[in-house]
Amino acid sequence: MAMERTLVLFKPDAVHRGLMGRILGRFEEKGLKVVGLKMRVFERALLEQHYAVHKERPFYANLVSYMGSGPVVALALEGKGAIEVVRKLMGKTNSAQAEPGTIRGDFGMSFSNNLVHGSDSPEAAAKELALFFGGAGELVEWTPADLAWVYSVKEELA
Ligand code: UDP
Ligand code: MG
């Protein structure tokens with residue numbers, strides 16, 4: 001399992017509902033490393049690019065306007081197999097059907113207002129990280145003090 005980076009967004013519903021801390025806690029507790037963090041009301045053009053794969057879908061216009069309607073937190077997370085790990089922590093897209101224990105399963109009821117975004121492939125992660133954290137110095141290189149306890153040094157960090 002390769003060390004990966006992935007993009008997570010806390011959508012405006014998560015921010016309005018005061019769930020930023022609890023959602024960030026899920027990722028931190030799991031052992032994912034935060035390498036980028038910012039809060040913005042993102043421009044429409046950036047959100048359109050971010051969701052370009054869904055351009056032809058009926059929910060696209062609402063999705064872009066909802067994502068631009070309020071503050072969004074963008075996170076860059078790093079870890080072994082981080083892309084899949086994050087998707088599992090998020091749960092199914094429709095929050096009402098997401099498993100208990102997942103972020104969407106525990107905190108939401110909606111298909112569209114589903115609290116979080118996570119990149120779904122290495123290609124998407126690379127594109128999305130460049131969009132949201134493409135500026136110089138926006139991603140932070142650091143080694144967590146507990147890294148050697150989160151992973152097996154001999155088997156996974158060698
Ligand atoms: N979405 C929606 N209606 C749908 C499908 C998706 O409103 O029928 C929204 C929802 O907010 C979702 C986003 O569009 O998170 C992107 O859809 P995708 O299928 O990529 O889901 P995700 O990868 O976020 O689970
Ligand atoms: Mg998606």
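Both ligands and their constituent atoms are indexed starting at 1 by order of listing.
Taking atom 23 (O) of ligand 1 as the reference point, the nearest protein heavy-atom neighbour is Arg87 NH1, 2.8 Å. The protein heavy-atom contact nearest to atom 22 (P) of ligand 1 is Thr93 OG1, 3.6 Å. Distance from atom 11 (O) of ligand 1 to its nearest protein heavy atom, with residue and atom name: Ser112 O, 2.8 Å. Looking only at heavy atoms of the protein, atom 20 (O) of ligand 1 is closest to His54 NE2, 2.8 Å. Regarding atom 4 (C) of ligand 1, its nearest protein heavy-atom neighbour is Phe59 CD2, 3.5 Å.
Both the backbone and the side chain of Phe111 come within 4.0 Å of ligand 1, counting heavy atoms alone. Only the side chain of Arg104 comes within 4.0 Å of ligand 1, counting heavy atoms alone; its backbone N, CA, C and O stay farther away. Of the heavy atoms in Lys11, only side-chain atoms (C-beta onward) come closer than 4.0 Å to ligand 1. At a 4.0 Å heavy-atom cut-off, ligand 1 does not touch Lys92 at all.
Note that the CG atom of Asn114 and the CE atom of Met109 stand 13.0 Å from one another [nearest 0.5 Å].
With a 4.5 Å cut-off on side-chain heavy atoms, Arg104 and Thr93 count as touching. Side-chain contact between Phe132 and Arg40 is absent, with no heavy-atom pair separated by less than 4.5 Å. Annotation: side chain of Arg22 is in contact with side chain of Phe107 (closest heavy-atom distance under 4.5 Å). For the pair Lys11 and Asn113, the minimum side-chain heavy-atom distance is 4.5 Å or more.
Within the 4.0 Å heavy-atom shell around ligand 1 one does not find Asp120.
Distances below 4.0 Å separate heavy atoms of Asn114 from the following atoms of ligand 1: 10 (C), 11 (O), 12 (C), 15 (O).
Relative to the ring axis of Phe133, Lys38 places its NZ or CZ within 45° and under 6.0 Å from the centre.
In this structure, the side chain to side chain contact (heavy atoms under 4.5 Å, CB included) partners of Arg5, at least two apart in sequence or on a different chain, are Val35, Glu78, Leu129, Leu139, Glu141.
Looking at Lys127 and Glu123, no side-chain N of the basic residue comes within less than 4.0 Å of a carboxylate O on the acidic one, giving no salt bridge.
Nearest residue to atom 13 (C) of ligand 1 from Asp13, Leu63, Leu9 is Leu63 (criterion: closest heavy atom).
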